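The shown structure was predicted, so the numbers you read here are calculated from the model rather than taken from an experiment. Chain letters run A, B, ... following the sequence lines, proteins first and then strands; every chain starts at 1.
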Amino acid sequence: MPTTSKTDLATLPSAYDHHAAQAKWYPFWEEKGYFHADPAPVLKGDKKPYSVVIPPPNVTGALHLGHALNNTLQDILCRRKRMEGYEVLWMPGTDHAGIATQAVVERRLLQEEKLSRHDLGREGLIDRIWQWKEQYEKRITGQLKQLGCSCDWQRQRFTLDDQCARAVRETFFKLFSDGKVYRGKRLVNWDTFLQTAVSDDEVFHEEVKGHFWSFHYPVVDPKAGEPTHVTIATTRPETMLGDTAVAVHPDPAGQLDKVEAELKEKLAAAPAKERPPIVAQIEALAERRKTHLPKLLQLRDMAKRGVQLTLPLAERTLPLIADEWAKPELGSGCVKITPAHDANDYEVYQRNESIGTINIMQPDGKLNDSVPEKYRGLTMPQARKAVIADLTEAGFHDPESDVEDRLIDLAHSDRSKTPIEPYLADQWFVKMDVLAQSAMDAVTSGDVSIVPERYGKSYLDWLGEKRDWPVGRQLWWGHRIPVWRKDGAKSVCLLDDSEAQKVEKDGFTHDEEVLDTWFSSALWPFSTMGWPDQTDLLKAFYPTSVLVTSRDIITLWVARMVLMGKYLLDEIPFPEVYIHPKILDGFGETMSKSKGNGVDPLDVIDQFGADALRFGIAYLTTETQDVRLPVEFVCPHCQGTINQTKQNRVQPRIVCSHCDKPFSTQWAEKDEDLALPRGPVTSERFELGRNFCNKLWNASRFALGNLQDYKPRAIGPDELRIEDRWLLSRLATVTGEVSTSLDEYRFADAARALYDFAWNEFCSFYLEMTKARFAQAGPDKQVAQAVLADALDTLLRLLHPMAPFLTEEVWQLLAEVAPLRGLTAAVEGTESICVAPWPVSDAAAIDPTIEEQFAKFQAVLGAVREVRQGLGIPSKESLNFAVDCDEETENLIKPMQPYFTQMAKANAVELGPDSALSEFSSIKSISGFNTPITVHVGVKAFIKIEAEKARLAKEQANLTKFTGALRGKLGNEKFVANAPAEVVEGEKAKLAEAETQLAAVAAALAKLG
RNA sequence: GGGCGCGUAGCUCAGUUGGUUAGAGCGCUUGCUUGACAUGCAAGAGGUCACAGAUUCGAGUUCUGUCGUGCCCA
C-alpha cells in the first residue's frame, strides 16, 4: 500500500528486494481494480478498447518457462496499452485439454488406488478430473499472478465451464443444422491401451527393429502364360487377414521411365563423388525392366480384366486392381491393400471403393470375428506368429529366404506409450471446405496478419488441404456431443437438455462421445465474452486486438478460431497474430514436464525476481531464433549450481558436486527422497535481468537521496547544461525506439534500448556527472534535480511493462520526494504507475549535434582512462592531459573539465590545436569524428618504456594497415566512379584523419628512441 | 520426400534498406574497501561472420549450391 508517512531513504536496502515488492504491489493493483475491464466507457466512445485473450494453459500441469514467455509478452503489451489510455481487457482462463487431462488422472488413479476408470464410472471419473482441475487451475493462476500478469481475474473462464459449454452447444447445433456435421468412417490413431482415438499431435514416432516378410497369393484361374501367383511384402503380416485387394501400377513402364528420368536429372546435377550410387540405381532400374516389367504388364492387364486372387488362410478371394500406390520400382512391384488398418491403403480404397474394407480388430487391439475362428481373440503379436507359421506350412512363405531385417518407424501414443493401431472407426466430422476457405481468405486479404509473415505459409498450406475435421473423441472428459441416436431413425441434435427426456423415452440414446478440445478452444475469443448472448463485453471488446502464441498451434488453434469467428459472428477474432519464439533447453530441446527439462517460473522468480525473469524474457525474445537456455539445479544447501544434463534431469535425487549433500528434484516420489530439501531449477541467463533491476534500484536510491530538497519549478531551455540536453535528447530518442519496437513486437529491441540507455547513459554518465552539481546548492543543482526527476519518471514508465514491481516500488518512493515533476509544467504523478501515461517522444528534445558532441567528450574520457589502466597507474594518482584537436572540439570540451577530474581524476591542462604537454606523455588518438583528436596524457614516473613502445607499435601497425586499405580503395577507379559521392568523401576524410594520427604515433615512437 | 528457420567471440545472442577497423551479456585476465550499486567500477584478451561459388567499386548482410542443426507437414 502507498505509505502515508515518508520513507526514511537511508533505510532502503542496497539490493532490490523483489520478494517485498511483489508481495506489496500485486494485491494493491488488484484492490484498485486496474486490471478489471469495463465495457461502458468503450461503448460510450470515451475510451478505445484493447483486448487479448490468453492462450488458455491446459490444466494437465503447472506452467513452465514457455508459458512465462507467452504471458510476459502479453502482459507487456497490455500494460503498455493501459498506460496509453486504452480500456484493456486481458481475458484469462484455462483449457480442459480432453485426453491429456483424462490420461493424467487415470494414470494417477491406477498408480495410487489401483483403479481403472471403469471402476469409477463416467460420473465418478469426471468428479476426480474436476478435483484435479481445481487444484491445477489454482496453481496456474498463482503462477501468473506471481509473474505480475495484469489479467482481468473477475472474468476468468474455463473451456468446460457453463458459459463456454453453452457456446459449444450452440455452435454444434448450428453446424448440425447447417448440414456441416456428418458421421463417417475414418482411419484413426487408435490407442489400444486407453481405448480411444488420439490425434496426430498426440503421437510420437520411434524406430523399432522389425522384419520385412514376403509371401504370395495364388491367382484364380490364370490363363496360359500368365503368372500363377502374385508376390507381396509387408512389415505387418497379420494384417493380411484384412486384405481386400492387391494392387499393381496402372502404367508400370511409364512409372519406370519417370523414375529413371528423375535419377538422370539428379545424376547430372550431382558432384562427381556422389555419382556412383546413382549410376548403380539407374543400372538396377534397367535390370528391373528386364526382370520385372513384362510380368507387371501382364498383371496390369489381368487387373483390368478383373482377375481374382485367393487370400490364403482366410478362405476368400480378393481382386487384383490397378492403382498408383503400387511402386513398380520397389520389391515385387505389387502391394497388398488393407484399407481398415493402413492409411495409404485407405486412400487406395477411396479411389477403388468396390474393394470394400474389413476391420479385423476390436477396440482392445485383439482380432475380431471377421477373421477365421482360430485367430479370433489373439493380440496382434500373437496373430503375427500364427499367420507366418500357417503361411509357411501352407507353402506361401519360405522363412529361409522370404524375410529380411528392417527398421520400422512405428507410431506410439504419447499418452500410454504403447504402439498405435491405425483403426477404421465411425467419427463425427465437420465439413471444412467452406469454413477453411473463409479462414484462408481472412489471411490472404490481410484482415488477419501473421507476424512474422512467414508463418502465414504454414497456415495457408494446412487449410488449403481442406481436410474435414474429426471432432469426436472416445473420452469422458469434455463437452458431450449433443446428439441423440436411434437405429433406423434420423439422429437429432438438441440445443436444450429438457427435450432430451422426450427423445430418450422414444428410444433415442445420447451419443457417448465428447468433442475435441480444440472445438471449444476455437470459440475462446468470444465464448469468454458471453457469446451467444450479445453482451456489452462482446460489443466492446470483440474482435480482440492481437493473439500472442507459439507456432506449434497455428493450425490446430489459430486457424480454427478464425474460421469459427467468421462462421458464427461474421467477423475475424483478431487482426493480428504474433508468433513468438519457443524456449529450448541447453540441448536445443523444447521444454516439457515429461522430459524433465521444464523450469517452473516460480523457481526463477524466487531466486531472481519476477522483474528479472520478465526483463530477461523480453531481452531474449528476438524475431528469428528460439531461445536456448542452458538450465541448472541450485543446491539448496550451498547455493552452488549443477548443470542439468540428459542424465540427471530425470533423477529423483542429486548429490551436489560442490558440497556433497543430496537434494530432491521434481521426480522425487519415495519418502526418503521427499524428505530432502528440493533443489530448484533455474538458469543463470536471468542474472542479466536481476543485475539490471538492481542497477536501476540503486540508481533510483541515489536519485531519491538527491531529490530530498527538490522543489518543482519550470526550467528554461537556457538553464540546461550540455549533459542535461544530451540526456533529454537521448531519452526522447529511446522513448521513440521503445514505442516503435513494441508496436512491431520487437521485444528484444525494446529491452536492449532501455538496458543500454539506463545503464550506460543514465547511470554511467548522467548520474556520475550530476554528483558534482548536487554537491553545491544553487540554481545549477535545481536544474539537475528537475532533469533527474523528469528523466527517472520517464524511464520508470518506459520500463514498467517489463519490470512492473520494481517500477511501482520506485514510483511510489518518487512520489514522496517529488510528487510534482516535469520540466516545463509541474505534473502530479498518478497513484500507481500502472495508470501513468505512456511516455511520448519529445521530438524537439532530440538534438543530434549535442549527441555527437557529447560522444567526443566520452571518447576523450575513454582515452585518458585507457592510458591510465594500460600503464597501471593507480586511480588515486591525479594526472594531467592535453587534447590536440580543432577549435570546435576545444570549445566543447572546455566546459567539461570538472567531469574529467571527477570521472578520471585527470585535469585537462591544455586544449585546442597543437596542444601538448611539457612533461613526458603517452598519446592516444581518437578516431571516428572525421577530425583528428589526439590525447596526450602526462604519465609522470609511471611510464614503462618497453610497454609503451609495444602499445604504440601495435597502434602504428593498425593504422598502417587501415590507411593502406583506404588508399587502395581510393586508388580504385571503379570505386571512385561508382560509389556515391558521400561514401567517397567519407573515405577520404577517414584517410586524412588516420594519416594525422599515424604521424603522431610515429613521432611519439621516435621520441622514445 | 516437401516446407520453414538457424549456423557470427569459450557460452547465449544482436547486427534495419549492402558502405567506419563486426557488437552486447556471461565467462576469462588485470586493477579498484572511489559516499547509489562488488547483483558494482575501470580496462584488456578473444572472431577466416559454417564451407564453396556468383552478383557488386564494395558482401556478416543479396543469389546459388554444399555441409551441419532444429521445427512443421507427409
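One interatomic measurement links the two molecules: CD of A:Glu993 to C1' of B:U21, which rounds to 11 Å at whole-angstrom precision. Spacing between atom CG of A:Asn189 and atom C1' of B:A74 amounts to 14 Å, rounded to whole angstrom units. Nucleotide B:U21 holds its P atom 19 Å from the CD atom of A:Gln956, rounded to whole Å. When the P atom of B:C71 is taken as reference, atom CG of A:Asp552 falls 11 Å away, rounded to whole Å. Rounded to an integer number of Å, the gap from A:Asn698 CG to B:A38 C1' is 11 Å. Rounding to whole angstrom units, CD of residue A:Glu632 and C1' of B:U12 are separated by 12 Å. In this structure, CZ of A:Phe762 is placed 16 Å from P of B:C37, rounded to the nearest angstrom. One atom, OH of A:Tyr455, and another, P of B:G3, lie 17 Å apart when rounded to the nearest Å.
Note on A:Arg868: nothing from the nucleic acid sits closer than 4.0 angstrom, heavy atoms only. Within 4.0 Å of A:Pro980, counting heavy atoms only, lies at least one base atom of the nucleic acid. Among the heavy atoms of the strands lying under 4.0 Å from A:Glu684 are primed sugar atoms or P, OP1, OP2 only; no base atom is included. The residue A:Cys693 sits apart from the nucleic acid: no heavy atom pair falls under 4.0 Å. Within the nucleic acid shown, A:Glu737 has no heavy atom closer than 4.0 Å to any nucleic acid atom. At the heavy-atom level, A:Arg865 lies under 4.0 Å from the strands shown only through sugar-phosphate atoms.
Not less than 6.0 angstrom separates the ring centroid of A:Phe686 from the ring centroid of A:Phe615.
The A:Arg467 side chain lies nearest to B:C73 when the options are B:C73, B:A42, B:U21. The side chain of A:Glu866 sits closest to B:G44 out of B:A14, B:G44, B:C41. Side chain of A:Arg628, nearest nucleotide from B:G40, B:U12, B:U39: B:U12. Minimum atom distance to the side chain of A:Leu688 is reached by B:G25, of the listed B:C41, B:G25, B:C37. Of the candidates B:A36, B:A14, B:C37, B:A36 carries the atom nearest the A:Ala699 side chain, counting heavy atoms from C-beta on. Among the nucleotides B:U21, B:C4, B:C37, the one closest to any side-chain atom of A:Lys457 is B:C4. Of the listed nucleotides (B:G31, B:A24, B:A36), B:G31 has the atom at the smallest distance from the side chain of A:Gln869.
Under the Watson-Crick or G-U wobble criterion, with both distances below 3.5 Å, B:U48 is left unpaired in every strand shown. Nucleotide B:A54 forms a pair with B:U62, judged by Watson-Crick or G-U wobble geometry with both contacts under 3.5 Å. When both distances must be under 3.5 Å, the Watson-Crick or G-U wobble mate of B:A14 does not exist. The partner of B:A36 cannot be assigned: no Watson-Crick or G-U wobble pair with both contacts below 3.5 Å exists in any strand. Across every strand in view, B:G5 sits in a pair with B:U69 that passes the Watson-Crick or G-U test at under 3.5 angstrom. The partner of B:A42, taking Watson-Crick or G-U wobble pairs whose two distances both stay under 3.5 Å, is B:U30.
Side-chain atoms of A:Glu995 and A:Thr963 include no donor-acceptor pair closer than 3.5 Å.
No donor-acceptor pair under 3.5 Å is formed between the side chain of A:Lys924 and the backbone N or O of A:Val935.
No hydrogens or angles were tested; on distance alone, nothing pairs the side chain of A:Glu465 with the base of B:A74 as donor and acceptor under 3.5 Å.
Taking a cutoff of 4.0 Å between a charged side-chain nitrogen and a carboxylate oxygen, A:Asp585 and A:Arg628 do not qualify as a salt bridge. Between A:Asp626 and A:Arg551 there is a salt bridge, with a side-chain nitrogen of the basic residue lying less than 4.0 Å from a carboxylate oxygen of the acidic one.
Going from the C1' atom of B:U16 to that of B:U55 covers 22 Å, rounded to whole Å. B:U64 and B:C28 are spaced 43 Å apart, taking the P atom of each and rounding to whole Å. B:G65 and B:C73 have their C1' atoms separated by 25 Å, given to the nearest Å. If you take atom C1' in B:U62 and the same atom in B:G19, they sit 15 Å apart, rounded to whole Å.
For the OP1/OP2 pair of B:G40 and a distance below 4.0 Å, the side-chain nitrogens and oxygens of A:Arg701 include no atom meeting the criterion. For A:Asn694 and B:U39, the shortest distance from a side-chain N or O to OP1 or OP2 is not below 4.0 Å. Dashed line: the shortest gap from a side-chain N or O of A:Thr622 to OP1 or OP2 of B:A14 is under 4.0 Å. Distances shorter than 4.0 Å separate none of the side-chain N or O atoms of A:Lys974 from OP1 or OP2 on B:U56. When the side-chain nitrogen and oxygen atoms of A:Lys969 are compared with OP1 and OP2 of B:U20, none of them lie within a distance under 4.0 Å. Regarding contacts with the backbone of B:G2, every side-chain N or O of A:Trp462 stays at 4.0 angstrom or more from both OP1 and OP2. Residue A:Asn691 has a polar side-chain atom (N or O) positioned under 4.0 Å from OP1 or OP2 of B:G40.
The side chain to side chain donor-acceptor pair (under 3.5 Å) with A:Tyr899 is formed by just one residue from the set A:Lys771, A:Glu723, A:Glu768; it is A:Glu723. Residue A:Phe702 is tested with A:Asn706, A:Leu704, A:Asn698 for a side-chain contact (heavy atoms from CB on, under 4.5 Å); the sole match is A:Asn706.
Mapped onto RNA chain B by nearest heavy atom, A:Asp756 and A:Thr590 fall at different nucleotides, with A:Asp756 at the one closer to the 5' end. Between A:Gly870 and A:Gln997, the residue whose closest nucleotide on RNA chain B is further toward the 5' end is A:Gln997.
Taking the ring centre of A:Tyr619 as origin, the terminal cationic atom of A:Arg752 falls inside the region bounded by 6.0 Å and 45° from the ring axis.
Other residues, nucleotides and ligands contribute only 12 or fewer heavy atoms inside 6.0 Å of the CD atom of A:Gln776.
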